**Student:** 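Sharing a structure here in structure tokens format.
In what follows, chains are A, B, ... by sequence order, proteins preceding strands, each numbered from 1. Note that the coordinates shown come from a computational prediction; the quantities given were computed from them, not determined experimentally.
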There are 2 protein chains.
Amino acid sequence: MILSNACDYGIRAALYVATQRDRKFVPIREISEKLQISFHFLTKILQILTQANLMTSFRGPNGGVAFARDPNQITLMDIIQAIDGPGIFEKCVLGLSECGDEHPCPLHERWAEIREELRQMFQSNSLARMATKIQQKGFRITDYLGNPNSTIH
Amino acid sequence: MILSNACDYGIRAALYVATQRDRKFVPIREISEKLQISFHFLTKILQILTQANLMTSFRGPNGGVAFARDPNQITLMDIIQAIDGPGIFEKCVLGLSECGDEHPCPLHERWAEIREELRQMFQSNSLARMATKIQQKGFRITDYLGNPNSTIH
DNA sequence: CATATTTAAGACTCTTTTGTCTGAAATTAT
DNA sequence: ATAATTTCAGACAAAAGAGTCTTAAATATG
């Protein structure tokens with residue numbers, strides 16, 4: 001798919017943390033249980049985000065992860081870039097290495113437009129804004145189906 | 001990326017064959033050399049396309065592969081579906097299994113629109129039409145850079 | 001200090017993707 | 001017939017992605 005599994009997990013975890021406004025640090029164990037993601041795998045992914053200075057972490061009781069800066073200033077784009085790298089928004093859809101306006105592949109022009117829409121989709125709303133929408137509109141970030149209001153406990 | 005390597009190779013090979021209008025069968029060896037793709041790997045990929053009844057093949061001298069039906073009736077979409085399956089155009093961008101209009105993820109609505117544009121990009125032009133454009137406008141289907149007119153010999 | 005909690009780090013396994021290689025089968029040409 | 005050409009089939013290997021597990025380090029609490 002367009003994003004790796006790890007990236008999907010990272011995004012969902014970040015959105016979960018963003019919905020926990022008032023709390024300082026959210027334990028990875030809790031995130032993994034709520035979103036039903038392997039704890040150890042999620043730990044590795046969140047370490048990438050802390051190493052990228054998007055999140056901070058704190059060990060010991062009451063520890064966990066939190067955003068390193070205001071979640072109004074972080075977008076999904078930041079998370080995608082940290083986990084999957086810039087590939088999606090740079091590479092030729094046919095895998096040609098020098099594809100560009102000068103030496104375009106047959107899909108280059110249209111793909112560049114769509115890629116730009118994807119970029120907009122991923123960076124037009126901050127995590128804080130998305131968290132609000134998730135709660136107001138009952139959007140899902142977990143596979144659990146049911147009362148939207150219980151999706152995030 | 002959005003398409004697998006194998007799918008990129010399959011698309012480029014199909015476009016190359018489409019540019020060879022008058023010829024009956026195009027040898028895989030020739031395609032692999034022109035497009036600089038591993039011969040054996042490309043063979044396997046083209047076998048997928050013949051098994052999907054998009055192409056036919058013929059063994060022996062003067063053998064090779066050709067389209068099983070009029071290339072005016074085949075699109076990149078057909079090739080993508082055969083090699084990568086329907087995943088891209090069906091799955092949730094966050095990997096949620098039941099994501100849809102009833103239980104949407106935060107990106108569902110916008111992603112559905114963009115996915116539709118991708119679908120259009122891949123099926124709005126037939127292989128025959130694309131081959132014409134490749135030749136008229138000098139579009140590239142190989143990594144080789146240089147005189148566009150020599151891209152496809 | 002001792003213990004419990006929680007992230008950090010890294011080794012390890014499993015699966016999928018990508019790619020290589022060999023031999024068989026079909027076809028043509030000599 | 002024999003040899004050359006070309007796809008077919010499948011084993012095999014290498015690399016990347018996904019996921020598991022163990023141990024260490026940091027922090028809090030009693």
**Student:** Dump the intermediate steps for side-chain contact (heavy atoms from CB on, under 4.5 Å) on B:Leu107 and A:Leu76, then the final yes or no.
**Tutor:** CA-CA 11 Å; B:Leu107 297 174; A:Leu76 295 189; 3.8 Å; yes
**Student:** Roughly how many Å is it from CD1 in A:Ile31 to P in C:dT6, rounded to a whole number?
**Tutor:** 12 Å
**Student:** Could you state the atom-to-atom distance from CZ of A:Arg29 to C1' of C:dA4 in whole Å?
**Tutor:** 14 Å
**Student:** Need one value for A:Tyr9: base, sugar-phosphate or nothing, where a base atom within 4.0 Å counts as base even if backbone is also close, heavy atoms only.
**Tutor:** sugar-phosphate
**Student:** Can you measure A:Phe41 atom CZ to C:dT13 atom C1' for me and round it to whole angstrom units?
**Tutor:** 14 Å
**Student:** How many Å lie between CD1 on B:Ile37 and P on C:dT20, as a whole number?
**Tutor:**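 Result: 12 Å.
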**Student:** Do you know which two heavy atoms are closest between A:Arg23 and A:Gln20, and how far apart they sit?
**Tutor:** NH1-OE1, 2.9 Å
**Student:** Could you tell me the separation between the CD1 atom of A:Ile28 and the C1' atom of C:dA9, rounded to a whole number of Å?
**Tutor:**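 In whole Å, C:dA9 C1' and A:Ile28 CD1 are 13 Å from each other.
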**Student:** Would B:Ile31 end up clustered with B:Phe25 when hydrophobic side chains under 4.5 Å apart are linked, directly or stepwise?
**Tutor:** no
**Student:** If you count every heavy atom of other residues, nucleotides or ligands that lies below 6.0 Å from A:Arg129 atom CZ, does the total exceed 12?
**Tutor:** no
**Student:** Output side-chain donor-acceptor pairs under 3.5 Å for residues 39-64 of chain B, partner residues at least two apart or in another chain, one line each.
**Tutor:**
residue : atom : partner : partner atom : Å
B:Thr43 : OG1  : B:Phe39 : O            : 2.9
B:Thr50 : OG1  : B:Gln47 : O            : 2.8

**Student:** Do you know the tightest heavy-atom contact between A:Leu35 and A:Arg12?
**Tutor:**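 Smallest interatomic distance, heavy atoms only, reads O-NH2, 2.9 Å.
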**Student:** What is the distance, rounded to the nearest whole Å, between atom NE2 of A:His40 and atom P of C:dA11?
**Tutor:**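 Nearest whole value for this atom pair: 16 Å.
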**Student:** Please assess A:Tyr16 against A:Ile37 for the test side-chain contact (heavy atoms from CB on, under 4.5 Å), listing each intermediate value before the final yes or no.
**Tutor:** CA-CA 12 Å; A:Tyr16 178 79; A:Ile37 299 169; over 6 Å; no
**Student:** Walking along DNA chain D from 5' to 3', note the first and the last nucleotide with an atom under 4.0 Å from a heavy atom of chain B, and give both.
**Tutor:** D:dT5 to D:dA11
**Student:** Taking all atoms of both residues into account, what is the closest heavy-atom pair of A:Ser126 and A:Thr75, and its distance?
**Tutor:**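 Scanning both residues completely, I find the closest heavy atoms to be CA-CG2, 4.4 Å.
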**Student:** What parts of residues 80-88 of chain B reach DNA chain C, counting only heavy atoms under 4.0 Å away?
**Tutor:**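 Nothing qualifies; none.
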**Student:** So which of residues 60-71 of chain B are in contact with DNA chain C, with a heavy-atom cut-off of under 4.0 Å?
**Tutor:** B:Gly60, B:Pro61, B:Asn62
**Student:** Verify the distance criterion only: is there a donor paired with an acceptor across the side chains of B:Thr132 and B:Arg21 at less than 3.5 Å?
**Tutor:** yes
**Student:** What are the two closest heavy atoms between A:Glu117 and B:Arg110, and how far apart are they?
**Tutor:** OE1-NH2, 2.7 Å
**Student:** Side chains of residues 79-101 of chain A: which donor-acceptor pairs under 3.5 Å do they make with residues two or more places apart or in other chains?
**Tutor:**
residue  : atom : partner  : partner atom : Å
A:Asp84  : OD1  : A:Ser4   : OG           : 2.6
A:Asp84  : OD2  : A:Ser4   : N            : 3.0
A:Asp84  : OD2  : A:Ser4   : OG           : 3.4
A:Ser97  : OG   : B:Asp143 : OD1          : 3.0
A:Asp101 : OD1  : A:His108 : NE2          : 3.0

**Student:** Just how far, in rounded Å, is P of C:dT20 from CZ of B:Phe39?
**Tutor:**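 Nearest whole value for this atom pair: 12 Å.
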**Student:** Would you find more than 12 non-hydrogen atoms of other residues, nucleotides or ligands less than 6.0 Å from A:Glu109 atom CD?
**Tutor:** no
**Student:** Side chain of B:Gln36, backbone of B:Thr142: donor and acceptor closer than 3.5 Å?
**Tutor:** no
**Student:** Can you pull out the residues from residues 44-58 of chain A that lie within a 4.0 Å heavy-atom distance of DNA chain D?
**Tutor:** A:Lys44, A:Phe58
